[in-house]
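Working notes, structure below.
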Protein chains: 2
Amino acid sequence: MLPNPDEKLDPRIKRTRSLILTSFESLLAEKGFESISVQDVTDKAQVNRATFYAHFPDKYALLDYSIQKMFMAEIEKRTLNVCSYSEDNLRNLILAVVEFLSRVHTGCAQPHQHFESLIEGTIKKQIFELLSYWLRKSKVPTEIPVTVATWAIYGLASHYSHMKKRPALETFVDEAYPLVAVNLEQFA
Amino acid sequence: MLPNPDEKLDPRIKRTRSLILTSFESLLAEKGFESISVQDVTDKAQVNRATFYAHFPDKYALLDYSIQKMFMAEIEKRTLNVCSYSEDNLRNLILAVVEFLSRVHTGCAQPHQHFESLIEGTIKKQIFELLSYWLRKSKVPTEIPVTVATWAIYGLASHYSHMKKRPALETFVDEAYPLVAVNLEQFA
DNA sequence: TTGAGAATGTTGACTAAGCAACAAAGGAGC
DNA sequence: GCTCCTTTGTTGCTTAGTCAACATTCTCAA
């Protein structure tokens with residue numbers, strides 16, 4: 001997809017960001033996002049508090065960045081970032097989103113509604129960009145169908161991860177993805 | 001013993017030193033000391049080569065520093081750094097030196113004679129300081145007996161770790177430590 | 001309601017780390 | 001001998017990180 005943004009940055013920048021990120025993610029596993037202070041993060045990262053603010057405007061920006069990185073890792077693991085639209089890729093994308101959301105819910109000590117709405121936008125933006133990239137060869141604008149598909153995919157994943165009695169993941173996805181595919185296939 | 005020197009140093013300094021140290025120790029486990037270049041160390045540590053020279057004159061100084069840290073860890077693990085002379089502590093010290101030397105021999109991909117002579121001085125200096133500390137209450141100078149004991153202890157450890165068919169460690173030490181104790185006990 | 005303590009951002013002066021370029025010394029091969 | 005290449009230290013300039021101090025907002029209990 002897009003070229004990796006971690007090319008030839010100053011090593012100190014890469015190191016500091018990764019220290020902050022690691023610290024944040026481990027804190028997220030042990031307590032709720034709201035109860036994490038910038039001080040907590042920098043203490044554990046062994047980085048000065050002022051340095052944090054040189055990299056992120058506030059802890060919400062850090063959350064964004066963190067979600068972005070984690071989601072992108074999920075996508076890259078399945079090599080969905082270097083391909084084009086196909087039914088199979090779409091199916092895998094939905095699987096990826098579901099698994100990612102589930103992991104966030106179990107891994108982070110806070111499945112609260114507010115938290116989820118914080119990450120929702122970030123994830124949808126990534127899905128939107130990925131789908132646009134998949135349809136980059138299209139002769140006509142894809143904004144509308146990609147928007148529809150993006151929301152549908154996120155909605156499916158969110159729905160699944162909140163279900164009391166979940167069906168098998170494969171079953172669920174097999175049933176759902178054709179409904180999304182029908183809106184996209186004509187642009188591939 | 002002496003107050004830890006890692007009190008309130010600039011965090012960047014602590015971080016850099018620890019990165020260099022970790023990198024060096026892992027390289028030492030995979031290849032011989034002589035074949036490790038400063039470049040190798042800084043590459044793995046993700047630190048600039050010039051930064052290395054701001055901390056250490058050369059790789060021999062790094063080896064010293066590394067041996068010092070590792071040996072001190074062995075001593076602190078047994079709390080031998082916060083006590084005074086006793087037969088039992090002496091026995092434990094000998095055990096510590098033997099185990100340390102053995103670990104260096106197995107852990108470092110280079111049991112060469114030259115390498116051992118590089119670390120010998122560093123270790124003996126630590127033993128000397130520790131024994132002096134143990135006898136700090138003595139009314140008379142302890143330099144001579146401590147010197148004798150230091151060399152004897154290191155010699156025993158070196159001998160043991162080079163033996164073809166080693167006796168049980170406990171047996172060996174039980175037999176050996178009285179010979180050292182006899183020179184020290186009168187100063188305790 | 002108020003007041004004490006904690007968390008947030010921000011600033012400016014200082015210090016460490018990065019970088020590129022250099023001279024010099026060593027090694028391996030021809 | 002000679003070259004080519006690697007490693008070693010060193011240097012001056014740039015950039016990132018640290019620190020202490022400050023004003024501001026938040027929170028929560030007295």
Side-chain angles (χ1 to χ4, degrees), chain A residues 4-28 30-66 69 108-110 112 114-115 118, chain B residues 4-28 30-66 69 108-110 112 114-115 118:
Chain A
N4 271 339
D6 41 323
E7 323 113 11
K8 36 182 175 279
L9 269 183
D10 188 307
R12 289 170 292 185
I13 296 181
K14 287 195 282 184
R15 182 192 311 146
T16 297
R17 290 206 182 140
S18 118
L19 285 169
I20 290 176
L21 201 59
T22 305
S23 152
F24 175 67
E25 285 168 6
S26 104
L27 281 170
L28 212 45
E30 64 192 48
K31 56 175 169 174
F33 174 71
E34 290 305 340
S35 71
I36 297 174
S37 74
V38 173
Q39 187 75 252
D40 291 340
V41 175
T42 55
D43 280 355
K44 177 168 281 208
Q46 303 197 83
V47 153
N48 194 276
R49 198 166 58 87
T51 304
F52 175 92
Y53 289 107
H55 289 266
F56 304 97
D58 52 35
K59 70 176 183 172
Y60 296 91
L62 172 58
L63 176 62
D64 263 31
Y65 180 72
S66 161
K69 285 276 190 183
C108 300
Q110 190 195 47
H112 292 16
H114 182 231
F115 180 71
L118 285 176
Chain B
N4 271 339
D6 41 324
E7 322 114 14
K8 36 181 176 278
L9 268 183
D10 189 310
R12 291 169 291 185
I13 296 181
K14 287 196 281 185
R15 183 191 309 147
T16 298
R17 291 207 182 140
S18 116
L19 285 169
I20 289 176
L21 201 58
T22 306
S23 153
F24 175 68
E25 285 169 5
S26 103
L27 281 171
L28 213 45
E30 64 191 46
K31 56 177 169 173
F33 173 71
E34 290 306 338
S35 71
I36 298 173
S37 75
V38 173
Q39 186 77 253
D40 291 339
V41 175
T42 55
D43 281 355
K44 176 165 282 206
Q46 303 196 81
V47 153
N48 194 277
R49 197 164 59 86
T51 303
F52 175 92
Y53 288 106
H55 289 265
F56 304 98
D58 52 37
K59 69 176 185 172
Y60 295 92
L62 172 58
L63 176 62
D64 262 31
Y65 181 72
S66 161
K69 285 276 190 184
C108 300
Q110 191 197 43
H112 292 17
H114 181 230
F115 180 70
L118 285 176

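Order of the sequence lines fixes the chain letters, A, B, ..., with proteins taken first and strands second; residue numbering starts at 1 for each chain.
Residue-to-nucleotide proximity on DNA chain D shows that, of Ile36(B) and Ile13(A), the 5′-proximal contact is made by Ile36(B). Both Lys59(A) and Ala50(A) lie close to DNA chain C; mapped to their nearest nucleotides by heavy-atom distance, the more 5′-ward contact belongs to Lys59(A). Along DNA chain C, the nucleotide nearest Asp10(A) and the nucleotide nearest Pro57(A) are compared for position; the residue whose nucleotide lies closer to the 5' end is Pro57(A).
Between Asn48(A) and the phosphate of dC19(D), there is a side-chain N or O to OP1/OP2 separation shorter than 4.0 Å.
Residue Tyr53(B) has its side chain nearest to dT10(D) when only dA16(D), dT10(D), dT10(C) are considered. For Arg15(B), the side-chain atoms get nearest to dT18(D) when compared with the rest of dT8(D), dT18(D), dA17(C).
Scanning atom types as modelled, no donor and acceptor separated by under 3.5 angstrom connect the side chain of Arg49(B) and the base of dG18(C). Taking 3.5 Å as the limit, the base of dT15(D) and the side chain of Arg12(A) contain a donor-acceptor pair of atoms between them.
Under a 4.0 Å N-O distance rule, the pair Lys59(A)/Glu34(A) qualifies as a salt bridge. The pair Lys69(B)-Glu25(B) does not meet the salt-bridge criterion, since no charged nitrogen lies less than 4.0 angstrom from a carboxylate oxygen.
Distance CD (Gln46(A)) to C1' (dA17(C)): 17 Å, rounded to an integer number of Å. Rounded to whole angstrom, the span from the CG atom of Leu27(A) across to the P atom of dA7(C) amounts to 13 Å. Going from atom CG of Asp58(A) over to atom P of dT25(D) covers 16 Å, rounded to whole Å. In this structure, Gln39(B) atom CD and dT7(D) atom P are separated by 7 Å, rounded to whole Å. Taking atom CG on Leu19(B) and atom P on dA16(C), their separation rounds to 16 Å, with Å as the unit. Rounded to a whole Å, the CD1 atom of Ile20(A) is 8 Å from the P atom of dG17(D). In this entry the distance linking NE2 of His55(B) with P of dT8(D) reads 18 Å, nearest Å. To the nearest angstrom, C1' of dA7(C) lies 12 Å from CZ of Phe52(A).
Arg17(B) comes within contact range of no nucleotide atom at all, as no heavy-atom separation falls under 4.0 Å. Using a 4.0 Å heavy-atom criterion, one finds that Ser37(A) contacts the sugar-phosphate atoms exclusively.
For Asp40(A) (side chain) and Ser37(A) (main-chain N/O), a donor-acceptor pair under 3.5 Å exists by modelled atom type.
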Q: Show your reasoning for whether side-chain contact (heavy atoms from CB on, under 4.5 Å) applies to Arg15(A) and Arg15(B).
A: CA-CA 11 Å; Arg15(A) 182 192 311 146; Arg15(B) 183 191 309 147; 3.8 Å; yes
Q | Stepwise side-chain contact (heavy atoms from CB on, under 4.5 Å) test for Thr42(A) and Thr51(A) | A | CA-CA 9 Å; Thr42(A) 55; Thr51(A) 304; over 6 Å; no
